[in-house]
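Right, one structure below, let's go through it.
Note that ligands are numbered from 1 as they come in the structure, with each ligand's atoms numbered from 1 the same way. All figures in this text were calculated on a predicted structure; none of them were measured in a lab.
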Amino acid sequence: MSLKDSLSKVLIIDFGSQFTQLIARRVRELGVYSEIISHKKIKSKLDKKKIRGIILSGGPLNVYQSKKVKFDKKIFKYNIPILGICFGHQIISKELGGRVKKARYREFGLAKLKRLRKSKLTKNFFKKSGSNNVWMSHADEVTKLANGFKVIAKTETSKFSIVENSSKKFYGIQFHPEVTHTENGKIILKNFIFSICSIKRNWSLKNQKQILIKNVKQVVGKSKVICALSGGVDSSVVAKLIHNAVGKQLTCIFVNTGLLRKNEETQVVKTFKNKFKINLIYVDAKKLFLNKLKNVSEPENKRKIIGNLFIKIFERYAKKIKNVKYLAQGTLYPDIIESKSVTGSQTSKIKSHHNVGGLPKNMKLKLVEPLRLLFKDEVRKLGLELKLSKEIVLRHPFPGPGLAIRIPGEITENKIKILQEADDIFINSLRQHNLYSKIWQAYAALLPVKTVGVMGDNRTYEYMCLLRAITSEDGMTADFFNFSKEFMQLVSNKIINNINGINRVVYDITSKPPSTIELE
Ligand code: XMP
C-alpha cells in the first residue's frame with residue numbers, strides 16, 4: 001500500500017468549480033491530506049475507509065437540471081461529515097428535502113454575512129460585530145431548508161447563507177470560504193476538518209515529496225524518461241524530482257527554441273549538466289521554430305505549433321535513447337484548469353497552455369506530470385525541499401511558448417532580439433532595486449505597433465515596448481505592481497537609450513481577471 005492510500009483524507013467532490021483545487025489546497029495548508037474526485041465518478045471510485053470528511057464544491061450547473069448533475073446520494077448514508085460550498089450547499093438542500101430556485105437577487109463579489117446562531121462550524125469565525133465580508137458567486141439560491149436543518153447566518157438577499165444539521169454533521173454554505181476575499185474563510189474549513197471531522201494532521205511537504213518520488217518510481221519502473229527541461233521553476237523541480245526517483249534513467253532535453261530570454265540557454269546547461277550532473281541533451285531548434293512560426297499571428301495557432309514542434313523533437317530524441325517510454329513535464333494545476341478540467345467535470349476554456357492543449361492526439365510517449373495537482377507556491381516549496389537553489393526556485397514563471405506570446409502578431413528574428421534586450425534591462429533593474437522578489441512575475445513584451453518619436457533632432461518611427469509586473473498568489477488572479485515614477489522613468493530611459501527599435505514604453509495596469517497575465 002502506498003503512503004497516499006494509508007492517509008486519512010478529506011474527499012472533495014468536484015462539480016466543476018474554478019476553485020475546487022483551491023479548496024484542496026486550503027485543506028492541505030491545514031496539514032490534512034485531501035483528494036479530488038469528479039461528481040461523475042463517485043460511484044465507481046469511492047473507498048470510504050480513509051475518508052473522514054466530504055466537501056462538495058461549487059460549480060456552473062443548476063441543481064434543478066437533474067440530468068446533467070450525476071451524483072450518488074449514498075454519500076448521505078455513510079455517516080461521514082459533509083460540507084457543501086455554493087452549488088454543493090444547494091445540492092445538499094435539494095437532495096435532503098429543501099428547495100432551490102433561480103435567485104431573485106444574484107450575489108457576485110463581496111456580501112455582508114450576519115450571524116443568527118452559534119455553530120461548531122463558525123467558532124471564532126465571526127468578528128465581534130457578528131458580521132463578516134464573504135465572497136459570493138451564485139445565481140441560484142436555497143429557498144426552503146432541508147429536513148432537520150437550521151439557519152446559522154444570512155446576508156441581506158440570501159436567507160440561508162450557512163445552514164446545518166448538526167446531529168448528522170451536514171453543513172451548507174452559500175459563499176466561498178476557500179478564497180482569500182472571504183474574511184476568516186479558513187477558520188470555517190479548520191472547524192470542519194478538526195472539530196467536526198476530528199481528523200489529525202497528516203500532511204506536510206516532506207511526505208508530499210516522498211509520495212511523488214514513490215509514485216514516479218512505481219509508474220516508470222525500469223523504463224527511461226525524458227524530461228522537457230526549460231530551466232524555469234516547474235521543469236527544474238520536475239527534473240530534480242525525477243532524478244531523485246530514477247537517477248540515470250532520466251535524460252533531460254533542453255530545446256533552444258530561439259524564444260528564450262537573453263542568455264538563458266547558457267545558464268540552463270551550466271546548472272543542470274555541470275552542477276547537478278543530470279544527463280542533458282541540448283537541441284538547437286532556433287531556425288525550425290522561426291520557420292514554422294513565419295506569418296503566424298493567431299495566438300492559439302502559435303501555441304499549437306509550438307506545442308506540436310516540442311513533442312516532435314522529444315519523440316525524435318527519444319528514439320535515439322533506447323527504451324524511452326515516458327515524457328516528464330512540469331505541468332501545474334493552473335495550466336490544466338484553464339485548458340480542461342483535472343477531474344473530468346465542466347470548466348470553461350480560456351487558452352491552450354502549450355504543454356496541455358497543444359499536445360497532438362497521436363503522441364507516442366506516455367506523460368509523467370508529477371506536479372499536475374500543485375500550485376506554483378507549492379512547487380517552489382517542494383523545490384527547496386529537493387535542495388534546488390533559491391535562484392532557480394524563486395525565479396519568475398516563464399511560459400512554455402516563451403517570447404512568442406509576448407510578441408503579438410508576426411514573430412521575426414529582429415523582434416525577438418529587440419525584446420530579449422528590453423526584457424533583460426527590465427529584469428536586471430528589478431533585481432538592482434530589490435524589487436524582483438516582491439513581484440510574482442514581470443516581463444517586457446513587444447507590441448506590433450509603431451509610433452512616432454523624436455530622438456536628438458530626428459523623427460523616429462519604432463516599436464512600442466510594454467512592461468508587465470504583477471503580484472499574485474498562484475497565477476489564477478493577479479494585480480499590477482505599483483512602481484514609483486522614478487523607477488519607471490529609469491527603466492523607460494534605459495530601454496530607449498540602449499535599444500534600437502523601441503521609442504516608446506508603456507506599463508500594463510490591468511489585473512487578472514479581466515486580463516490574463518500573458519498577452520496571448
Ligand atoms: P495567463 O496568461 O494564463 O498565465 O494568465 C498564467 C501563468 O501561466 C503562465 N503561462 C504558461 N505556462 N505554458 C506554460 O508553461 C503556457 O502555455 C503558458 N501560458 C501562460 C504565465 O506566464 C503565467 O505565469
Part of [X] with heavy atoms under 4.0 Å of ligand 1, whether side chain, backbone, both or neither:
X      : result
Lys376 : neither
Tyr443 : neither
Pro397 : side chain

Under a 4.0 angstrom heavy-atom cut-off, which atoms of ligand 1 come close to [X]?
X      : answer
Lys512 : 1 (P), 3 (O), 5 (O), 6 (C)
Pro401 : 13 (N), 16 (C), 17 (O)
Trp440 : 24 (O)
Thr516 : 1 (P), 2 (O), 5 (O)

Geometric N/O contact [X] with ligand 1, under 3.5 angstrom:
X      : value
Glu518 : yes
Arg303 : yes
Gly475 : no
Arg406 : no

Pairing of Asp424 and Lys494 as salt bridge, 4.0 angstrom limit: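 Between Lys494 and Asp424 there is no salt bridge, as every charged N stays at least 4.0 Å from the carboxylate O atoms.
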
Plane angle bin for Phe487 and Phe483 - parallel if under 30°, tilted between 30 and 60°, otherwise perpendicular: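 Rings of Phe483 and Phe487: parallel, as their planes differ by under 30°.
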
Ring geometry between His396 and Tyr436 (parallel below 30°, tilted from 30 to 60°, perpendicular above 60°):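 Aromatic pair Tyr436/His396 classed parallel.
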
Residue Asn500 excluded, over 12 heavy atoms near CG under 6.0 Å: no

Enclosure of Glu410 CD (heavy-atom neighbours >12, cutoff 6.0 Å):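 Counting other residues, nucleotides and ligands, CD of Glu410 exceeds 12 neighbours.
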
Counterpart residues, side chain to side chain contact (heavy atoms under 4.5 Å, CB included), relative to Lys325 (two or more places apart):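 Here the qualifying residues are Ser223.
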
Donor-acceptor side-chain pairing of Asn62 and Asp140 below 3.5 angstrom: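 Asn62 vs Asp140: donor-acceptor pair found between side chains.
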
Please tabulate, for side-chain N and O atoms in residues 441-450, each donor-acceptor pair with protein atoms closer than 3.5 Å (sequence neighbours left out).
| unit_1 | atom_1 | unit_2 | atom_2 | d |
| --- | --- | --- | --- | --- |
| Gln441 | NE2 | Pro397 | O | 3.0 |
| Gln441 | NE2 | Glu518 | OE2 | 3.2 |
| Tyr443 | OH | Ile517 | O | 2.7 |

